[in-house]
**Student:** 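Provided herewith is a single structure, encoded as structure tokens, for subsequent inquiry.
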Amino acid sequence: MSDLVLAVVAGGAIGLALGSLGGGGSVLAVPALIYLLGFTPVAATTASLVIVALTTATAVPAHARDGHVRWRTGLLFAAAGIGPAMLGGLLAARLPAAVLTVAFGLVAAVAAAHMLRPRPAAADTARPVRPGRAVAAGAGLGAVTGVLGVGGGFLAVPALVGVLGLRMRAAVGTSLLVITVNSVAALALRAGTVEGLDWAVIGPFAGAAVLGAWDGRRLAARVPGGTLQRGFGLVLLVVAALMLIDVGI
């Protein structure tokens, strides 16, 4: 199978997850770029940020029109992550490939465990947002985004729901705003590595992800969120296991 076809298939799947769940798809981008398309771990994390930023930025307006983006909360959450995301981007360029792979595998395993865990009924109840919690959660998410090249939606959605008290649909839409800001911030300090990327692969990958995100938004209206989460959680669990096995863990 050609790299172009692989890029389109992987991009479509990742966009589908981002559009339907507000996260979880970007964590698949890095292993897809490494194992399917031959990118190095550092190049894969940079390319993933480009793909994720483009995908989420185009998905935010549709969610906003539906009234599912909480701008004040999302921008506060994202602002707290800008500094950590930029510092994480600098750190990632200096880490050995094996360390990045292990770290990514562990984060993917955590994301899979979260997606496979049943969501409590209280997850759809709204509570007042505490700015301090938003800042702390946003900073942690930004650091993960910067180092590993993932948008962090698989962490943002549960944080927005469980820590900040947003309803699930609002958390999905707001997480896309947060992911966009964090990804752009992380890319700001990786500008020197962007020029060496294979845009012939990244372009179709990102294009398919953008289209997949639109389909994901429609899919979320038809398929129960729990079913979608469990499906992507199982995929993530397999990816995490394969990455950790690959480095001998």
Side-chain angles (χ1 to χ4, degrees), residues 17-18 20-27 30 45 48-49 52-53 55-57 59-60 63-64 68-92 103-104 106-189 225 229 232-233 236 240:
L18 283 168
S20 59
L21 300 176
S26 59
V27 77
V30 171
T45 55
S48 174
L49 288 171
V52 170
T55 305
T56 54
V60 166
H63 285 264
H68 296 151
V69 176
R70 300 294 179 264
W71 294 97
R72 182 176 178 274
T73 299
L75 290 174
L76 176 64
F77 195 95
I82 290 175
M86 296 179 79
L87 291 174
L90 285 176
L91 177 62
F104 198 96
L106 292 174
V107 168
V110 170
H114 170 76
M115 287 187 163
L116 292 171
R117 187 172 64 238
R119 195 176 73 214
D124 282 332
T125 61
R127 301 192 305 273
V129 174
R130 298 182 181 180
R133 288 188 174 186
V135 170
L141 179 66
V144 172
T145 299
V147 174
L148 298 181
V150 298
F154 63 92
L155 298 174
V157 170
L160 289 166
V161 172
V163 178
L164 304 184
L166 296 188
R167 297 181 185 276
M168 187 64 188
R169 287 191 177 182
V172 168
T174 304
S175 77
L176 295 172
L177 171 64
V178 174
I179 292 167
T180 301
V181 174
N182 281 346
S183 299
V184 172
L187 274 171
L189 290 181
Q229 281 194 342
F232 282 108
L236 274 178

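In this text, all values refer to a predicted model and were calculated from it rather than measured experimentally.
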**Student:** Give the minimum heavy-atom separation between M86 and A185, together with the two atoms involved.
**Tutor:**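 Closest heavy-atom pair between M86 and A185: CG-O, 3.3 Å.
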**Student:** With sequence neighbours left out, write down each residue that passes side chain to side chain contact (heavy atoms under 4.5 Å, CB included) with L91, or none if nothing qualifies.
**Tutor:**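 With neighbours one apart ignored, the set is L95, V147.
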**Student:** Kindly compute the distance separating CG (L176) from NE2 (H63), expressed to the nearest 0.5 Å.
**Tutor:**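 That separation rounds to 5.0 Å.
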**Student:** What pair of heavy atoms forms the shortest contact from G173 to V69, and how long is it?
**Tutor:**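 Distance-wise, the nearest heavy atoms are O-CG2, 3.7 Å.
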**Student:** Given side chains that start at C-beta, do those of V60 and W71 come closer than 4.5 Å, heavy atoms only?
**Tutor:**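 SC-SC contact between V60 and W71 confirmed.
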**Student:** Just verifying a value: how many Å separate L141 CG and I179 CD1, rounded to the nearest 0.5 Å?
**Tutor:**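 If we round to the nearest 0.5 Å, L141:CG and I179:CD1 are 7.5 Å apart.
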**Student:** List the residues meeting side-chain hydrogen bond (donor to acceptor under 3.5 Å, both in side chains) with T56, not counting sequence neighbours, and say none if there are none.
**Tutor:**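 T56 satisfies side-chain hydrogen bond (donor to acceptor under 3.5 Å, both in side chains) with T180 once adjacent residues are dropped.
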**Student:** Can you give me the closest heavy-atom contact between P84 and A139, atom names plus distance?
**Tutor:**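 Closest heavy-atom pair between P84 and A139: CB-O, 3.4 Å.
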**Student:** I need the minimum non-hydrogen distance between A78 and N182, along with the two atoms involved.
**Tutor:**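 Smallest interatomic distance, heavy atoms only, reads O-OD1, 3.7 Å.
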**Student:** What is the distance from atom CG of L187 to atom CG of L49, rounded to the nearest 0.5 Å?
**Tutor:**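 Taking CG in L187 and CG in L49, the distance rounds to 4.5 Å.
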**Student:** Would you mind reporting whether V172 and H68 have side-chain heavy atoms less than 4.5 Å apart?
**Tutor:**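 A side-chain contact is absent here, since even the closest heavy-atom pair is not under 4.5 Å.
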**Student:** Can you confirm whether T174 sits close enough to F77 that some side-chain heavy atom of one is under 4.5 Å from a side-chain heavy atom of the other?
**Tutor:**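 Not touching, per the 4.5 Å side-chain cut-off.
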